[in-house]
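The figures that follow rest on heavy atoms only: side chains count, while hydrogens, waters and symmetry mates do not. Each chain gets a letter, A, B and so on, in the order the sequences are listed, and its residues count up from 1.
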Amino acid sequence: MKKFPFHRYRPYWLASILVPVLLFVLACGPGESPTPTPLATATSVPAATPTSAPLATATLTSPGPVATPTPTSVAAPIPTPTPGEQPKRGGTLNLVEGATPAHFDAYLGYSPGFQAFLGKQYSNLFINYVGEKVDCEICSEAGWRLEDGGKTMVFNIKPGIKFNTGKELTSADVAYSINMMMGNIDGIVSARVGWVKEYISSIETPGAYELRIKLVRPSAVVPKLLSTSFAIIVPQGTTRDDFKSGVTPKGSGPFILKQFIADASLTLERNPNYFKPGLPYLDKVVWTIAADTNTQWAAFYTHKQEYKFQMEEPVDQYLAQLFKLRDDGKIKYISIPGVAGYFGVWMVGSKPPFNDLRVRQAVNLGVDRVAFGQGTFGDRAVPQLLMFLSGEDYGTPADKIWNVVPGWGTGAKKQQELEQAKKLLADAGFPNGMDIAQFSSTATNVGYAAGSQLLQSQLKQVGIRTTLDIAKTGGTDFANRLAALDYLIQNYIFYRITGDPDEALGQYMITGASRNATGYSNKAVDKLYTLMSSETDPVKRKQLFFQAQDIILNDLWYAPAQNHNGYITFWPNLGGIDQIGLSPAFGSGTARGDRLWFK
Amino acid sequence: MRKYIARRLVLMVPTLFIFSLLVFGLLRVLPGDVAEKMLIDDSGAQTASKASLERLREKLGLNRPLYVQYLSWVGDTVRGDFGVSLLTGRSVIQDLKQRLPLTVQLALMSLIFSTCVGVPIGIISAVKQNSLLDYGLRFFSIFFLAAPGFWVALMVILAGAFWFGWVPTLGYNLLWQQPMANLSQLGVPALILGLSAMASKARYTRSSMLEVLREDYIRTARSKGLREQVVIVRHAMKNAMIPVLTVIGLQFGAIMGGSVILESIFGIPGMGTYLITAIRRSDYTVVQSVVVVFALMFMSTNLVIDLLYGWLDPRISYA
């Protein structure tokens, strides 16, 4: 065979090599800013009955009073920069998010990124900034007050606040917005804050700037609920069509949507007519979209975005590098109380075998809290009872949980608990253990899948052999089965929005509560909840909560497990990021972003 | 030839009809709908009342009988109206116009790259059979054939960020509006997407070339005293390219499909991202339309490839 004359085809070979090399070089070259495209415009406008004596339990109390919102005569808060640092105006805040919102309907939304986007374009009746009490955001100097023994909230709206359409914000807009949340406008109740309707009996607007909200009973949670970024104020007459993706939101917030490219980018610009003097500091907020978490963290690592909010740790690949940056003082972390995470193990106590308290006790004793926490959250695991982590206002101190609460034993004590669990099962008629189905969501967030498998392996230690019964979908099928109590046992996750005990009891534990997915019912808890919910004295309120918690922990339809804190990771050239609201994911103070500034 | 093209085009109609039925049916079999996705969160909390869900379903037209929904969609699609996204309310055709250029460009770039590199590698490997160069190129091909595109992509992003402070350009950048940003955004994913296509093309080209090079007519051509490059290029390569061409046609579909993952990783707002997002959100109208567009593109590409056979091999006729 003759030798092939490669040299004659040199241009072809060279081109084959040069084309990909050129592509690669270009790919690594500098990018250009995208050209804005025009925005779309709106076109229209059974009681728990223990069957055997419970194990020794402890009555848990918590030290210190709890801060509850109180009326104030002070208007919207003025920015309070950290001593020695003076906020500067200007700059563009660059962020990377996983997707552009499918719709701009804050009342129907539930994801943190979504609220961070919409929350910057609206105002709320109440706002919460870290270190400050929940307060009226749009009130005049006269502020707001309670009347009728705390059953009527009276607001004096500040005149001159304008929506970006030019229309003035009045009490009628606030009333309309709250009615929309409650489903009184079009029958669709807000997924997140719609439960405010349980507290509000009527809303009156005696004047353009006066608003009266009559409550069923005095409530500390209503201001918190209305301060979440789901409780935005929209102009009267707003319809769902105004919330379509790409339609400029008609808000009165610090920023206005200037450019929207689906799944590519979102650009907000300063609202020149924002009603808070001197705010916002930033000129612009730009989100670019990268669906992949790795890419999002790569963008943060290379300082292409200023901060990244994550309820969980960043993906493993970045941990070591981020810790190094943090240790070198190049980036900062702020720990956030457990917005999301494990509630613990849920059992449907009305169904066999969990209608026997001894079986529920065996489950509770069988869960190794140390291993469970380590396996799901590593070093970030924090003990928790009833959705409040140790260290939080309504949390139980860690030493009390580890040393007093049954099932939280460690070392030799845990071995004793496991033996005790086996004995309880034998007493309940299961000397050889049992085989049951263990329900699980398909959701992969907050360690759900890992938690399900850990629970399965731990229950096996005491003779409860489970088969994982996976919901068809993480959202719909899971929700439907929870609502129908169509399962026996599962580990449950939650997303907290107010951090108020009303949410913990009223949403999850009282008879018929909207998120009561175990069917738990105890008249004593219901009664304590009613008392607690209307109690305005923080100390008494806390005592009532802990009494209810003790009963729930004795009934054990729910066995608590460890949870975790989240983080905001940020580059230190960004000021004001530490002013995180009560609930970082959903607090309007965080979402608003009007106090963020570049150093 | 014209008759053949017309026949193939007519045959596309029943194929697309069956395809549309399948897509429509399969989507309805999946649990959940857009209304539930909008009102129920990841924690499975049934925060929305059944009345709220029904209201939303009614508003979105999901309460209509399935056959009405299907006929309505097909009727609109035939008229060139893909409807509006159930979730965003935006026109699907407008979204497709925005996204299609990026995905097609990505697919073409990776196809060009994989062909420009893969075919020469295959030819060199065949001509230099069992040499050190052949072994090296075969190792190279098999490596990229074995390495999953998404893994290579993640490695590129990690290495880029940690070692070079580089991240892919994000945002929406069209070639004719922001050429540098566009190439910066699509270059690396096109290379990665093209790697496994390149490797398989190299393998196909090599084996096809080896087969052809053993043919009698090649021996005849050499014995006639033709120069080796004439033998390789004019006689061997042209015939060896027929199976490779089939692979290119099939790869176009695979590359379009593969772009779904790479678009997500590299933040490219193309068809893949559109489809994935729509599937997650049970946005029926979008999923149906995108899948039909993908199917049309795949069928059209294969028609073009079939026509090219005739050009490469005069024995193939379409009379």
Where is the tightest heavy-atom contact between [X] and [Y], given as atom of each residue plus distance?
X	Y	answer
A:Y301	B:A161	CE2-O, 3.4 Å
A:K304	B:G165	NZ-O, 3.8 Å
A:S245	B:R90	OG-NH1, 2.6 Å

Chain A interface, residue from B:L158, B:I276, B:T277 that has the most non-hydrogen pairs under 4.5 Å:
B:L158

Side chains of [X] and [Y], heavy atoms from C-beta outward: is any pair under 4.5 Å?
X	Y	answer
B:V167	A:T295	no
A:N294	B:I265	no
A:D186	B:K59	no
B:L154	A:D292	yes

Go through the atoms of A:A262 and report whether side chain, backbone, both or neither lie under 4.5 Å from a heavy atom of chain B.
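It is both, since atoms from each part get that close.
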
Name the region of A:V286, side chain, backbone, both or neither, that has any atom closer than 4.5 Å to a heavy atom of chain B.
neither

Please round to the nearest 0.5 Å and tell me the distance separating atom CD1 of A:I289 and atom OH of B:Y172.
15.0 Å

Distance check, rounded to the nearest 0.5 Å: B:T88 atom OG1 versus A:H103 atom NE2?
10.5 Å

B:F164 versus chain A, heavy atoms under 4.5 Å apart: side chain, backbone, both or neither?
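Neither part.
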
Neighbour count above 12 (heavy atom, 6.0 Å) for B:E215 CD
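Correct, the count exceeds 12.
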
